[in-house]
Amino acid sequence: MSAPSKQQSVKKSAPEATVGADGSAKMPLTANRQLRSLAHDLSNSLETIMQASYLLAQAELKEADKKWLEMVESASRDAARISREMREILRAQSE
């Protein structure tokens, strides 16, 4: 019999979700902190992409290149919105 993987052992030792005052399920504090940290790191990376695309937009670009840039800008705005929503949910879970 093989030894359990790290992922398997984490699953076994992770505490169950708790119930909040309003009756909703709350995730374990450790998982919440880890996810909030990852969401923060994701936001930082997205901010770099958004700043770089802004600076790139200041350059003289061909029409085809402008369309690619618009696609990057649109996707990065969508990803930033999703990241904000995730952080709001995680913040509410930790209260």
Side-chain angles (χ1 to χ4, degrees):
M1 182 172 195
S2 63
S5 69
K6 183 177 180 182
Q7 187 177 25
Q8 289 171 332
S9 63
V10 169
K11 284 183 181 177
K12 288 180 182 177
S13 64
E16 292 295 319
T18 59
V19 178
D22 62 355
S24 63
K26 300 272 186 182
M27 71 172 48
L29 186 57
T30 303
N32 184 285
R33 285 181 181 155
Q34 290 173 331
L35 288 172
R36 287 177 74 176
S37 177
L38 288 171
H40 177 77
D41 292 344
L42 177 61
S43 293
N44 288 343
S45 295
L46 288 168
E47 184 63 31
T48 300
I49 294 167
M50 293 170 80
Q51 288 176 6
S53 66
Y54 170 81
L55 292 173
L56 189 56
Q58 306 308 307
E60 292 183 30
L61 300 173
K62 298 176 188 173
E63 279 306 309
D65 295 336
K66 287 180 183 179
K67 289 181 182 181
W68 287 111
L69 179 59
E70 288 172 9
M71 189 183 308
V72 169
E73 289 175 332
S74 176
S76 63
R77 281 192 305 271
D78 288 345
R81 177 189 50 77
I82 293 167
S83 177
R84 278 191 307 274
E85 289 177 17
M86 286 176 22
R87 288 181 299 166
E88 288 172 12
I89 291 167
L90 292 167
R91 190 175 309 117
Q93 280 278 318
S94 67
E95 295 174 348

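The first residue of the sequence shown is numbered 1, and numbering continues consecutively from there.
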What residues, two or more places apart in sequence or in another chain, satisfy side-chain hydrogen bond (donor to acceptor under 3.5 Å, both in side chains) together with Glu85? Arg81
Identify, with sequence neighbours excluded, every residue that meets side-chain hydrogen bond (donor to acceptor under 3.5 Å, both in side chains) alongside Arg36.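 With sequence neighbours excluded, Arg36 shows a side-chain hydrogen bond (donor to acceptor under 3.5 Å, both in side chains) to Ser94, given in chain and number order.
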Can you tell me how far apart CZ (Arg33) and CG (Leu29) are? Round to the nearest 0.5 Å.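 Going from CZ on Arg33 over to CG on Leu29, the span is 4.0 Å.
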In the hydrophobic clustering that connects Ile, Leu, Val, Met, Phe, Trp and Tyr at side-chain heavy-atom distances below 4.5 Å, which members other than Leu61 occupy its cluster, ordered by chain and number? Leu56, Leu69
Using a 3.5 Å cut-off and no angle test, enumerate the donor-acceptor pairs between side-chain atoms of residues 39-51 and protein atoms at least two apart in sequence or in another chain.
{"residue": "His40", "atom": "NE2", "partner": "Asn44", "partner atom": "ND2", "Å": "3.4"}
{"residue": "Ser43", "atom": "OG", "partner": "Ala39", "partner atom": "O", "Å": "3.1"}
{"residue": "Ser43", "atom": "OG", "partner": "Ser83", "partner atom": "OG", "Å": "2.8"}
{"residue": "Ser45", "atom": "OG", "partner": "Asp41", "partner atom": "O", "Å": "3.4"}
{"residue": "Glu47", "atom": "OE2", "partner": "Gln51", "partner atom": "NE2", "Å": "3.1"}
{"residue": "Thr48", "atom": "OG1", "partner": "Asn44", "partner atom": "O", "Å": "3.2"}

Would you check if Met27 and Leu35 make a side-chain contact, meaning some heavy-atom pair closer than 4.5 Å? yes
Salt bridge (Lys or Arg N to Asp or Glu O under 4.0 Å) involving Glu63 - partner list, sequence neighbours excluded: Lys66
Those residues that, when tested against Ala92, pass side chain to side chain contact (heavy atoms under 4.5 Å, CB included) (two or more places apart):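 None.
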